[in-house]
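Bear in mind the structure is a predicted one, so any value in this text is a computation, not a measurement. Letters A, B, ... mirror the listed sequences (proteins, then strands); counts begin at 1.
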Amino acid sequence: MRLYDTFSRSLVELPAAPGPVRMYFCGPTVYARAHIGNARPFVVGMWLRSWLRSRGYDAQLVHNITDINDKIYEAAPGASAGLAARATVWYLEDTADLGLGMPDHLPQATECVPQIVAFIEELVAADHAYASGGDVYFRVASFPEYGRLSGQKPDQVEQGEEPSALKEDARDFALWKANKPETEDTWWDSPWGRGRPGWHIECSVMAEEIYGPAFEIHGGGLDLVFPHHENEVAQSRALGHPFAGIWAHNGMLRFTGEKMSKSSGNVATIRETIDEWGREAVLVFFLTASWRKPIDFSPETMAQAAARRDTLRNAFTLEPAAHDESGWEAFAAALEDDFDTPAALAVLHEWASTRQLELLRRGLAVFGLESLAERRDAPPEVAELARRRAQARGARDFEASDRLRDELAALGWQMRDEPGGGYTLVHDA
RNA sequence: GGCGCCUUGGCCGAGUGGUUAGGCAGAGGCCUGCAAAGCCUCGUACAGCAGUUCGAAUCUGCUAGGCGCCUCCA
C-alpha cells in the first residue's frame with residue numbers, strides 16, 4: 001500500500017501489515033453546521049481505516065474537534081462555549097449519518113489545555129518559544145527546517161496585517177494568546193496569565209496525546225498545509241519528536257466550479273446534502289474523484305453520483321454469476337496504489353455488469369455502501385398493492401394496473417415485471 | 001511577489017510512448033400491454049504551438065486558461 005506524501009512529494013510505501021497505521025486527520029472548527037467540503041477528510045480517513053483493516057492492518061483514526069478558535073468567539077459573542085458544544089454535536093450527528101462509523105478518538109481542544117500548556121513550557125524551556133506580553137510565540141528562526149513541508153520560503157511569505165510588536169520576527173506564530181476580555185468569553189490559566197492556546201499547538205498536542213511523539217499518517221485539507229501543518233511540524237520536531245511519517249492532504253471541494261467557503265455563505269452543509277441526495281449518493285460522489293484532486297460539487301455531479309448508485313444497487317436484483325475470487329485483485333491493486341477510488345469504482349461497475357455480486361458487495365462494504373446490496377422486504381400494504389396489480393395485469397386491466405403502479409411509486413417502491421407474471425419490488429433509496 | 005497543482009469526448013473521470021478504461025447523459029434496437037430494470041449497437045477525445053521520436057494524448061520547451069496556499073477556511 002502506498003500513499004502520496006506531501007512532505008517528500010512522492011509515493012511512500014506503508015509498513016507491512018499489521019502496521020500499526022496510526023492516522024490523525026484534522027477536523028473542523030465547530031462554530032456552524034459543517035459544510036459538505038468538511039466531510040471529505042472525514043470520509044477519506046474513515047475509508048482508509050476501513051481498507052487498511054480489511055488488509056490486516058491495525059489501523060486507527062483520530063479526528064479532532066477544534067473547539068477553541070477565533071471563529072467561535074466571532075460567531076457567538078459572549079456565548080462561545082455553548083455554540084462550540086452545540087456545533088460539536090451537529091458535527092458528530094452529521095458525520096455519523098454518513099454511515100461509516102466513527103473515528104477511534106475525537107479529542108477536543110478544550111479537554112487538552114493542561115497538556116498544551118505543558119507542551120508550550122517545553123518549547124519555551126528549549127528556547128524554541130518565548131513569552132511576550134501574555135502571549136507565547138514560536139521562534140521560527142530556531143527551527144531551520146521551517147518551510148520544508150509546504151515549500152514556502154519564510155522570507156517570501158506575504159505579510160498581511162502589520163506584524164505584531166510582540167513578535168521577535170514577523171514569521172513567528174502564536175502558541176498561546178492572552179485573553180482579550182472584550183471579545184473572548186473563555187480562558188484558561190497558564191504560567192503566562194489567562195489566555196487560550198493557538199490553533200496549531202492544539203493539533204500537535206492532541207495527536208501526540210493519543211499516539212505519542214510518532215505516528216504514521218497525518219491528514220487534512222490541502223488548504224492546511226501552510227501554515228497549520230507547517231507549524232505543527234515545527235512545534236513537534238523542534239522538541240525532537242518525529243511526528244507524522246506521511247502527510248496526506250485531500251483536494252478541495254469546489255462548489256459550482258469555485259471553492260466553497262463559509263465566508264461566501266450559501267454553501268451546502270453535510271446535513272442538507274445527505275437529506276437531499278441520501279448518504280449513499282454522497283459517498284459515491286466522493287468515490288468518483290481521486291482523494292488528492294479537487295472535486296466539483298454541483299447538482300449535476302450529485303445527480304450523476306445518484307445515477308451510479310442506482311446502477312450499482314440494481315445489480316443486486318439480478319441473478320449472480322458464478323463467483324470468481326480472482327477479480328478481487330484488480331480492486332485491491334487500485335486501492336493499494338495511492339487509494340485510487342475512481343479506478344476501484346470502475347471495478348465495482350465491472351462487477352455489477354458481470355454479476356460478480358459477492359465481490360461487489362464486499363467492495364461496496366469497504367466504502368460503507370453495503371446497504372446497496374440489501375433488499376428491503378416490502379411492508380404488508382406495499383405487498384398487497386403489488387398483489388392487486390399483478391392480478392389486474394393478469395386480467396389485462398392495464399388502467400388499474402398502471403394506477404396501482406403509480407401508487408406504489410408514490411410509496412417509494414418500484415415494481416419490476418418479469419416474464420411469466422412474476423415481479424420484483426425494489427425500494428428506491 | 002513566493003510555493004504548488006491542474007487542463008482528456010455533452011458531463012464526471014482513469015490511463016499509457018505504438019493496443020477499446022469505466023460511469024452518467026444521449027441515439028437506435030431487443031424485451032414489455034406500456035414502462036422500469038437488463039441486454040445489444042453507436043462517440044475515435046486528450047487546451048494551443050514548437051520540438052524529441054519510426055511513432056506522443058503519454059517526454060521536453062513555450063503560450064493560454066483554471067485552481068489552492070501565503071499565519072489561524074477541511
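- Out of B:C69, B:A37, B:C12, the shortest distance to the side chain of A:Thr317 is found at B:A37.
- Counting only N and O atoms by type, the side chains of A:Arg279 and A:Thr273 include no donor and acceptor under 3.5 Å apart.
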Margin query: Between A:Arg22 and A:Glu216, does the salt bridge (charged side-chain N to carboxylate O under 4.0 Å, His left out) criterion hold? Intermediate values first, please.
Written below: CA-CA 5 Å; A:Arg22 295 161 290 187; A:Glu216 284 68 36; 2.9 Å; yes
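- In this structure, the nucleotide among B:C12, B:U71, B:C69 sitting nearest to the side chain of A:Thr301 is B:C12.
- Across all strands shown, B:G17 forms no Watson-Crick or G-U wobble pair with both key distances under 3.5 Å.
- Counting heavy atoms from C-beta outward, A:Met23 and A:His218 have side chains that stay 4.5 Å or more apart.
- Partners of A:Arg148 by salt bridge (Lys or Arg N to Asp or Glu O under 4.0 Å), not counting sequence neighbours, listed by chain and number: A:Glu145.
- Residue A:Phe226 places its side chain closer to B:C69 than to any other of B:C11, B:A74, B:C69.
- One P atom belongs to B:U20, the other to B:A57, and the distance between them is 15 Å to the nearest Å.
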Atom pairs under 3.5 Å: protein N/O with N/O of nucleotides 5-8 of chain B:
none

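- Residues A:Asp417 and A:Arg393 meet the side-chain proximity criterion, which asks for heavy atoms closer than 4.5 Å.
- Note on ring orientation: taking the six-membered ring where Trp is involved, the planes of A:Phe138 and A:His128 are parallel (angle under 30°, cut-offs 30° and 60°).
- When heavy atoms are screened at a 4.0 angstrom cut-off, A:Thr66 is found touching no nucleic acid atom at all.
- Side-chain atoms of A:Glu300 stay outside donor-acceptor range of the base of B:C11, with no qualifying N/O pair under 3.5 Å.
- At a threshold of 4.5 Å between non-hydrogen side-chain atoms, the residues A:Cys203 and A:Asn64 count as touching.
- For A:Arg237, there are no side-chain hydrogen bond (donor to acceptor under 3.5 Å, both in side chains) partners two or more places apart in sequence or in a different chain.
- For A:Arg254, the listed nucleotide lying nearest its side chain is B:C67; candidates were B:A74, B:C67, B:G13.
- The shortest side-chain heavy-atom distance between A:Arg49 and A:Asp104 falls under the 4.5 Å cut-off.
- The separation of B:G48 from B:G10, taken at their P atoms, amounts to 13 Å, rounded to a whole angstrom.
- The listed nucleotides are B:C73, B:A74, B:G15; the one nearest the side chain of A:Asp340 is B:G15.
- No contact: A:Gly198 has no heavy atom under 4.0 Å from any strand.
- Summarising the base pairing, B:G68 is matched to B:C3 through a Watson-Crick or G-U wobble pair whose two defining distances lie under 3.5 Å.
- Residue side chain A:Gln152 reaches the base of B:G2 through a donor-acceptor N/O pair under 3.5 Å, judged by distance alone.
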Note to self: Within the 4.0 Å limit for protein heavy atoms, which parts of nucleotides 28-33 of chain B are touched? Write it as a string from 5' to 3', B for base, S for sugar-phosphate only, - for none.
What the structure shows: -----B
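- If you check B:A36, B:A14, B:A74 against the side chain of A:Pro342, the one that comes closest is B:A14.
- Separating the C1' atom of B:G43 from that of B:G9 is a span of 7 Å, rounded to the nearest Å.
- Within 6.0 Å of CD in A:Glu399 there are 12 or fewer heavy atoms belonging to other residues, nucleotides or ligands.
- Each of B:U71, B:G4, B:C70 was ranked by its minimum atom distance to the side chain of A:Arg171; first place goes to B:U71.
- Side-chain N/O atoms of A:Ser150 include none lying less than 4.0 angstrom from OP1 or OP2 on B:C70.
- Comparing B:A25, B:C70, B:C73 by their closest approach to the side chain of A:Ala307 singles out B:A25.
- Counting heavy-atom neighbours within 6.0 Å of A:Glu272 CD, excluding the residue itself, gives a total above 12.
- Residue contacts for A:His349: at a heavy-atom cut-off of 4.0 Å it reaches the sugar-phosphate backbone alone, with no base atom in range.
- Closest to the A:Thr288 side chain, of the nucleotides B:C73, B:U71, B:C12, is B:C12.
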What are the atom names and distances for every N/O pair under 3.5 Å that joins the protein to nucleotides 38-41 of chain B?
unit_1: B:G38; atom_1: O3'; unit_2: A:Arg355; atom_2: NH2; d: 2.8
unit_1: B:C39; atom_1: OP1; unit_2: A:Arg355; atom_2: NH2; d: 3.1

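- Of the listed nucleotides (B:A74, B:C67, B:A14), B:A74 has the atom at the smallest distance from the side chain of A:Asn38.
- Nucleotide B:A56 forms a pair with no other nucleotide shown, judged by Watson-Crick or G-U wobble geometry with both contacts under 3.5 Å.
- Applying the ring-ring contact (aromatic ring centres under 6.0 Å, His included) rule to A:Phe286 yields no partners; only residues at least two apart in sequence or on another chain are considered.
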